[in-house]
Amino acid sequence: MDLHRIRLGNTVFEGRNNAYLLSGEVTTLVDVGASLDEIRDDLDAGLDEVGLGVSDIDQILLTHWHADHTGLAGELQAESGAVVRAHEADAPLIAGETDAVQAERDIRLRRFDEWGIPEGKREELVSFLEMHDDLEGESADVTPLTDGERIDAGDGELEVHHLPGHAAGLTAFAFDGGSDGNGEEAFVGDAILPKYTPNVGGADLRVERPLQTYVESLVSLIDWDVDRAWPGHRDPIDDPSARAATILEHHRERTERVVNTLRDHGPADAWTVSARLFGELENIHILHGPGEAWAHLDHLVHADVAAREGNEYRLVESDPDISALFPKTKY
Ligand SMILES: [Zn+2]
Ligand SMILES: [Zn+2]
């Protein structure tokens, strides 16, 4: 696979984004970055390094709907005529379909109430989100993808692996890696990242049972055991299975902290738990903090360790076995 990594700017979210270029028969970009002039410049420069331009792009594959991965898709499609593809769960949002966008906004407002985000912080978050609305760029015409599908890309093939959690439609694209095509590698978007633990609960409010959903994706990454993962942000991950296990362990520890918080504090809403876990929150973290807390609280409720009363959560088991709430892995 003739793979060229293009590093893009990103000062807001999880660190610099990557777009991946597969050149050959079907010139393909995996993710494209936010709709900003400087990111467009990074992308043009990256294509230029291998003697290509936007008009050469045949296909754009998107790992998930977040604007820092998809923002330029519409603009690039308009210029190149490229096919744009994303998982069927995320395609309507990327296409800017009114119903899908409105539904996501509605869930957002409902969750802000449920989580107990204070009025001032809510205003701060809404204005932050509005300020970054233009990162989404022009909407694209998106052809949906499903799990297991195989797609021609570059001079080879990619296989679609659905790994929901951070986003409902999060998709990895697998290929035969290495110069002689042995060993499997994958573009993983934000399913696992080398530095941060990808947010669950706040990053895609449409995901039901976000922590459980994400844990299942981590287990499938551990079992899959690819040789290398190419993430949506920062550098390649050389032992993706171990990285997924580390993130899983991180969530187990966080669940423990949530239980301790409920024990010390008594019944609490997601905002209160978030404040205990993360302290004072600003900008996007006003969404991600209580979202993460809620994902863990919801996990405890489904395990009958906590109960929800109104918007508050109360511990029903005083000394639960936390490790029993997470799957056993080979690590
Ligand atoms: Zn993301
Ligand atoms: Zn991202």
Side-chain angles (χ1 to χ4, degrees), residues 5-20 29-36 38-39 42-43 60-73 84-87 89-94 100-101 104 107-108 111 125 128-129 132-137 140 142 145 161-173 186-207 210-211 213-215 217-218 221 229-237 240 243-244 247 250-251 283-292 294-295:
R5 174 183 171 207
I6 302 174
R7 304 194 65 194
L8 308 170
N10 180 339
T11 52
V12 185
F13 301 105
E14 301 101 333
R16 293 184 70 178
N17 282 81
N18 296 308
Y20 298 104
L29 275 176
V30 178
D31 283 348
V32 289
S35 175
L36 288 171
E38 57 267 35
I39 291 179
D42 290 341
L43 195 69
I60 295 169
L61 302 175
L62 301 170
T63 58
H64 63 301
W65 63 278
H66 290 155
D68 55 325
H69 301 256
T70 61
L72 284 169
V84 175
R85 305 200 66 187
H87 189 272
D90 284 7
L93 276 180
I94 299 166
V101 172
E104 198 273 335
I107 303 173
R108 202 186 275 185
R111 295 272 192 252
L125 174 61
F128 175 87
L129 293 172
H132 291 91
D133 261 355
D134 54 345
L135 297 179
E136 287 169 24
V142 187
L145 287 170
H161 286 253
H162 187 210
L163 297 170
H166 172 75
L170 202 137
T171 293
F173 298 98
F187 303 108
V188 296
D190 295 354
I192 49 170
L193 296 171
K195 190 170 157 73
Y196 295 113
T197 297
N199 181 266
V200 290
D204 189 339
L205 301 169
R206 304 169 306 151
V207 179
L211 185 56
T213 304
Y214 184 53
V215 162
S217 289
L218 288 174
L221 275 163
W230 300 84
H233 302 263
R234 301 172 186 265
D235 293 328
I237 300 168
R243 180 63 191 148
I247 293 172
H250 186 108
H251 281 297
N283 60 55
I284 194 67
H285 301 291
I286 302 167
L287 174 64
H288 287 175
E292 187 82 31
W294 169 72

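In listed order, ligands and their atoms are each counted from 1.
Considering only heavy atoms from C-beta on, Asn17 comes within 4.5 Å of His69 through its side chain. By the 4.5 Å heavy-atom criterion applied to side chains, Phe173 and Val30 are counted as neighbours.
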- request: Kindly indicate, with the supporting measurements, whether the criterion ring pair (Phe, Tyr, Trp, His ring centres under 6.0 Å) is fulfilled by Tyr196 and His233.
  value: CA-CA 10 Å; Tyr196 295 113; His233 302 263; 8.8 Å; no
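The atom name of the N/O/S atom in His66 closest to the Zn ion (ligand 1) is ND1. For Asp68, the N/O/S atom at the shortest distance from the Zn ion (ligand 2) is named OD2. Nearest N/O/S atom of His69 with respect to the Zn ion (ligand 2) is recorded as NE2. The atom of His166 that is an N, O or S and sits closest to the Zn ion (ligand 1) is NE2. For the Zn ion (ligand 2), the nearest N, O or S atom contributed by Asp190 is named OD2.
His233 lies close to the Zn ion (ligand 2), since one of its N, O or S atoms is found at a distance under 2.8 Å.
Put simply, CG on Leu135 and CG on Leu72 are 10.0 Å apart, with the number rounded to the nearest 0.5 Å.
In this structure, a donor-acceptor pair under 3.5 Å is absent between the side chains of Asp190 and His66.
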